Amino acid sequence: MKPPLKYTLFCLLYEAGDAGIWEYDLYKILRTQYNSRSVAKVRSLLVELRNMNWTDEMDAQLYEETVLRKFSLKSRHRAFIQYHLRPEELLDELGLRLSPMHSESEESSDG
């Protein structure tokens with residue numbers, strides 16, 4: 001049974017570390033395991049987490065008429081996420097590993 005989308009989102013933010021992750025990368029990753037209707041809620045979940053002071057908005061860029069944001073999990077919440085959700089195990093069970101896809105995206109946005 002898959003964990004709730006919010007738990008997986010927390011785990012991906014945890015794995016992204018201080019570098020953060022762009023919301024379009026989150027969509028790309030989550031679409032492999034969750035249906036479109038669920039993934040459509042990602043933006044509202046990210047804004048909710050930012051409003052509750054769980055994440056930082058690190059960057060924002062305008063693409064056509066859409067604002068795309070880069071988020072990172074606040075460092076003070078990392079131990080809580082590690083203890084309660086065990087992000088490495090959860091992501092391994094789902095077959096979601098951020099590192100290769102995330103580093104490629106970072107390289108392409110830098111140059």
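In what follows, every heavy atom counts, from backbone to side chain, and hydrogens, waters and symmetry copies are set aside. Since the structure is predicted, the reported quantities are computational estimates derived from the model, not experimental observations.
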(message) If hydrophobic clusters are built from ILVMFWY residues whose side chains come within less than 4.5 Å, do L85 and M52 share one?
(response) yes
(message) Does R50 qualify as a cation-pi partner of F71, given the criterion of NZ or CZ under 6.0 Å from the six-membered ring centre and within 45 degrees of its axis?
(response) no
(message) Quick one, P87 and E15 - any side-chain contact, counting heavy atoms below 4.5 Å?
(response) no
(message) Among residues at least two apart in sequence or on other chains, which ones pass side chain to side chain contact (heavy atoms under 4.5 Å, CB included) with N51?
(response) V47
(request) Quick one: list whatever passes side chain to side chain contact (heavy atoms under 4.5 Å, CB included) with A60, sequence neighbours left out. (result) E57, V67, R69
(message) Using side-chain heavy atoms (C-beta onward) and a distance below 4.5 Å, is L68 in contact with L62?
(response) no
(message) Suppose we screen for side chain to side chain donor-acceptor pair (under 3.5 Å). Which residues come up paired with D92, at least two apart in sequence or across chains?
(response) R97
(request) Provide the full list of ring-ring contact (aromatic ring centres under 6.0 Å, His included) pairs with a residue in residues 32-60, sequence neighbours left out, each pair given once. (result) F10-W54, W54-H77, W54-F80
(message) Looking at R31 and S36, would you say the former's side chain and the latter's main chain have a donor-acceptor pair under 3.5 Å?
(response) no
(message) Applying salt bridge (charged side-chain N to carboxylate O under 4.0 Å, His left out), can you list everything that pairs with E48, at least two apart in sequence or on another chain?
(response) K6
(request) Compare all side-chain heavy atoms of L46 with those of L13 and state whether any distance is below 4.5 angstrom. (result) yes
(message) I need the Q82 CD to E89 CD distance, nearest 0.5 Å.
(response) 8.5 Å
(message) If the condition is salt bridge (charged side-chain N to carboxylate O under 4.0 Å, His left out), which residues does K2 pass it with, not counting sequence neighbours?
(response) none
(request) Output all residues satisfying salt bridge (charged side-chain N to carboxylate O under 4.0 Å, His left out) with K74, sequence neighbours left out; order by chain, then residue number. (result) D56
(request) Working to the nearest 0.5 Å, report the span between SG of C11 and CZ of R86. (result) 11.5 Å
(message) Rounded at 0.5 Å granularity, tell me how far CG in L9 sits from NZ in K41.
(response) 13.0 Å
(message) Measuring from atom CG of L73 to atom CD1 of I21, what distance do you get when rounded to the nearest 0.5 angstrom?
(response) 12.0 Å
(request) Kindly check if the number of other-residue, nucleotide or ligand heavy atoms within 6.0 Å of CZ (R76) is above 12? (result) yes
(request) Evaluate the criterion side chain to side chain contact (heavy atoms under 4.5 Å, CB included) for residue pair V39 and L26; output intermediate values, then yes/no. (result) CA-CA 9 Å; V39 174; L26 290 169; over 6 Å; no
(message) Heavy-atom count check: over 12 atoms from other residues, nucleotides or ligands less than 6.0 Å from Y7 OH?
(response) no
(message) Going by salt bridge (charged side-chain N to carboxylate O under 4.0 Å, His left out), name the residues that satisfy it together with R43, two or more places apart in sequence or in a different chain.
(response) E23
(request) Hey, could you give me the CG/CG distance between L12 and L90, rounded to the nearest 0.5 Å? (result) 8.5 Å
(request) List in chain and number order the residues that pass side chain to side chain contact (heavy atoms under 4.5 Å, CB included) with D18, two or more places apart in sequence or in another chain; answer none if no residue qualifies. (result) none
(message) Can you give me the closest heavy-atom contact between L94 and Q33, atom names plus distance?
(response) O-NE2, 3.0 Å
(request) Can you see which heavy atom on S72 is nearest to which on G17, and at what distance? (result) CB-O, 3.9 Å
(message) Once rounded to the nearest 0.5 Å, what's the spacing between atom CG of D59 and atom CH2 of W22?
(response) 3.5 Å
